[in-house]
Amino acid sequence: QMQLVESGGGSVQSGGSLRLSCAASGYTYSSYCMTWFRQAPGKEREGVAGIDSDGSTRYADSVKGRFTISQDNAKNMLFLQMNSLKPEDTAMYYCATGPKWACSSHGGYRVVDFGYWGQGTQVSVSS
């Protein structure tokens, strides 16, 4: 079993920055895809950034150039640096992990491909 715990959410004004963290514990995989998803009220959960065990990254168009995903393998940590935040970035943010091939799904990250999820951390951006 793997446990994921997110932190770092909060409330910021438009144009501000936040850094989310996700701590992984329990059984860890040597080959994986780790992602950040978000879900706003009334909307579907969407994958915004992912990184695989080789360090390859992919971003949703809506966050490209503003968000940066990174990892610290020694500490089993995943990060999401979010800059130039917009009100439309307001959502609950979740980290999730799945098999490495899940990072290459055609059309973006799919919720069904990820078996482990954290409890989420809220990000609120005011205009």
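Index from 1, following the sequence.
With side-chain heavy atoms closer than 4.5 Å counting as contact, directly or through intermediates, the hydrophobic cluster containing Met77 also holds Phe79.
Annotation: the span from Ser56 atom OG to Ile69 atom CD1 amounts to 11.5 Å, rounded to 0.5 Å. Here the OH atom belonging to Tyr116 is positioned 12.0 Å from the CE atom belonging to Met34, to the nearest 0.5 angstrom. Residue Gln71 holds its CD atom at 10.0 Å from OG1 of Thr57, rounded to the nearest 0.5 Å. Atom CD of Gln122 and atom OG1 of Thr90 lie 7.5 Å apart (nearest 0.5 Å). Taking CG from Leu4 and SG from Cys22, the interatomic distance works out to 4.5 Å, rounded to the nearest 0.5 Å. Considering OG1 of Thr68 and CZ of Arg19, their distance stands at 10.5 Å, rounded to 0.5 Å.
Side-chain contact between Cys103 and Ile51 is absent, with no heavy-atom pair separated by less than 4.5 Å.
Annotation for Ser17 and Ser84: closest pair OG-N, 4.3 Å, computed over non-hydrogen atoms. For the pair Ser127 and Ser14, the tightest heavy-atom approach, listed with the atom from each and the gap, is CA-CB, 4.2 Å. Between Ser53 and Ser30, the shortest heavy-atom contact is CB-O, 3.3 Å.
In this structure, Arg58 is positioned above the aromatic face of Tyr109, its NZ or CZ under 6.0 Å from the six-membered ring centre and within 45° of the axis.
Every pair passing salt bridge (charged side-chain N to carboxylate O under 4.0 Å, His left out) that includes a residue from residues 89-102 is listed here, sequence neighbours excluded: Arg38-Asp89, Asp54-Lys100, Arg66-Asp89. Identified under the salt bridge (charged side-chain N to carboxylate O under 4.0 Å, His left out) test for residues 2-15, with sequence neighbours left out: none.
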Report task. Could you walk me through whether Val125 and Gln13 pass side-chain contact (heavy atoms from CB on, under 4.5 Å), step by step? Result -> CA-CA 5 Å; Val125 185; Gln13 290 190 326; over 6 Å; no
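When atom types are taken as modelled, the side chain of Thr121 and the backbone of Ser7 share no donor-acceptor pair closer than 3.5 angstrom. Panel note: side chain Thr97, backbone Cys33; a donor-acceptor pair is recorded below 3.5 Å.
Follow the hydrophobic side-chain contacts under 4.5 Å out from Phe114 and you never reach Leu80; the two are in separate clusters. Both Tyr32 and Tyr59 are assigned to one and the same hydrophobic cluster, defined by single-linkage of ILVMFWY side chains at heavy-atom distances under 4.5 Å. Clustering ILVMFWY residues whenever any of their side-chain heavy atoms sit less than 4.5 angstrom apart, transitively, puts Val123 in a cluster other than the one holding Met92.
Outside the 6.0 Å centre-distance limit, the rings of Trp36 and Phe67 are not counted as a close aromatic pair.
Using a 3.5 Å distance cut-off with no hydrogens or angles, the side chains of Ser25 and Asn76 do not pair a donor with an acceptor.
Among the candidates Trp117, Tyr94, Tyr93, the single residue satisfying the ring-ring contact (aromatic ring centres under 6.0 Å, His included) test with Phe37 is Trp117.
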